[in-house]
Amino acid sequence: NAGVTQTPKFQVLKTGQSMTLQCAQDMNHNSMYWYRQDPGMGLRLIYYSASEGTTDKGEVPNGYNVSRLNKREFSLRLESAAPSQTSVYFCASSEQDGRSSYEQYFGPGTRLTVT
Amino acid sequence: SQQGEEDPQALSIQEGENATMNCSYKTSINNLQWYRQNSGRGLVHLILIRSNEREKHSGRLRVTLDTSKKSSSLLITASRAADTASYFCATAYYNQGGKLIFGQGTELSVKP
């Protein structure tokens with residue numbers, strides 16, 4: 001039981017390049033989330049998927065797209081990377097029934113640098 | 001904008017002392033959660049307290065919730081060097097797809 005896995009762990013991009021961050025969970029959770037963490041800012045929600053087949057914007061969605069490929073996998077895409085997207089990205093999942101929120105399980109993070 | 005605000009931003013104590021961190025929020029919540037993050041790692045869930053609960057315990061952790069003041073506190077008793085980490089509160093709304101709003105965190109340093 002691996003929990004939440006993310007790939008890659010580290011990535012360096014040049015401005016304008018694109019990439020996809022992968023996330024998978026093996027806990028049969030309905031909901032999945034993408035956050036970014038910047039120094040002194042805590043975690044900010046980029047996008048989330050309350051259930052398979054649905055995605056919604058979070059607090060900071062600009063410059064990102066997501067795909068909920070199936071119940072296990074939720075990917076985050078940067079179409080044209082910018083230095084402002086240099087951050088640590090975390091994927092999380094949780095069991096939730098649409099009314100209440102439950103604990104979230106986090107992956108180990110992807111450290112992205114855009115030069 | 002982030003809903004949770006944490007205080008203090010940094011806390012340094014000696015092993016064996018108690019550590020108290022506070023979190024304030026702005027609107028009505030479904031529940032409030034506390035997470036821990038070791039340097040360079042993902043967050044780990046510590047404890048969840050629902051809006052109709054006032055206090056919860058888990059091992060050396062004690063969480064209180066005062067909905068009238070819109071605030072919560074996390075107390076770590078008899079701290080250890082291994083408790084050194086950042087601690088975040090996160091607030092959850094009703095009918096919001098499980099979204100959490102995280103505070104900026106308290107950086108705790110426990111010195112041996």
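Letters go in sequence order (proteins before strands), and every chain restarts at 1.
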Once rounded to the nearest 0.5 Å, what's the spacing between atom CZ of B/R41 and atom CZ of A/F106?
15.0 Å
With rounding to the nearest 0.5 Å, note down the distance linking CG in B/L43 to CZ in A/F90.
6.5 Å
Spell out, yes or no, whether A/M32 and A/V88 are grouped together once hydrophobic residues are joined by side-chain heavy atoms under 4.5 Å, including indirect joins.
no
Under the side chain to side chain contact (heavy atoms under 4.5 Å, CB included) criterion, do B/L100 and A/Y102 qualify, and how do the steps go?
CA-CA 9 Å; B/L100 294 177; A/Y102 300 92; over 6 Å; no
Take a 6.0 Å sphere around CD of A/E73 and say whether it holds more than 12 heavy atoms from other residues, nucleotides or ligands.
yes
Is there a path from A/L43 to A/I46 through hydrophobic residues (I, L, V, M, F, W, Y) whose side chains come within less than 4.5 Å of each other?
no
Would a hydrophobic clustering, with Ile, Leu, Val, Met, Phe, Trp and Tyr connected at side-chain separations under 4.5 Å, put A/V60 with A/L112?
yes
For B/R54, I'd like to know if atom CZ has over 12 heavy atoms of other residues, nucleotides or ligands within 6.0 Å.
yes
Tell me if the CZ atom of B/R80 is crowded by more than 12 foreign heavy atoms within 6.0 Å.
no
Using modelled atom types and a 3.5 Å cut-off, is there a donor and acceptor pairing between side-chain atoms of A/E103 and backbone atoms of B/L48?
no
Would you please say whether a donor-acceptor pair under 3.5 Å links the side chains of B/Q37 and A/Q37?
yes
Segment of B/Q9 engaging chain A (4.5 angstrom heavy-atom cut-off)
neither
State the CD-NZ distance between A/Q104 and B/K99, to the nearest 0.5 angstrom.
11.5 Å
Region of A/Y105 in contact with chain B, defined by heavy-atom distances below 4.5 Å
neither
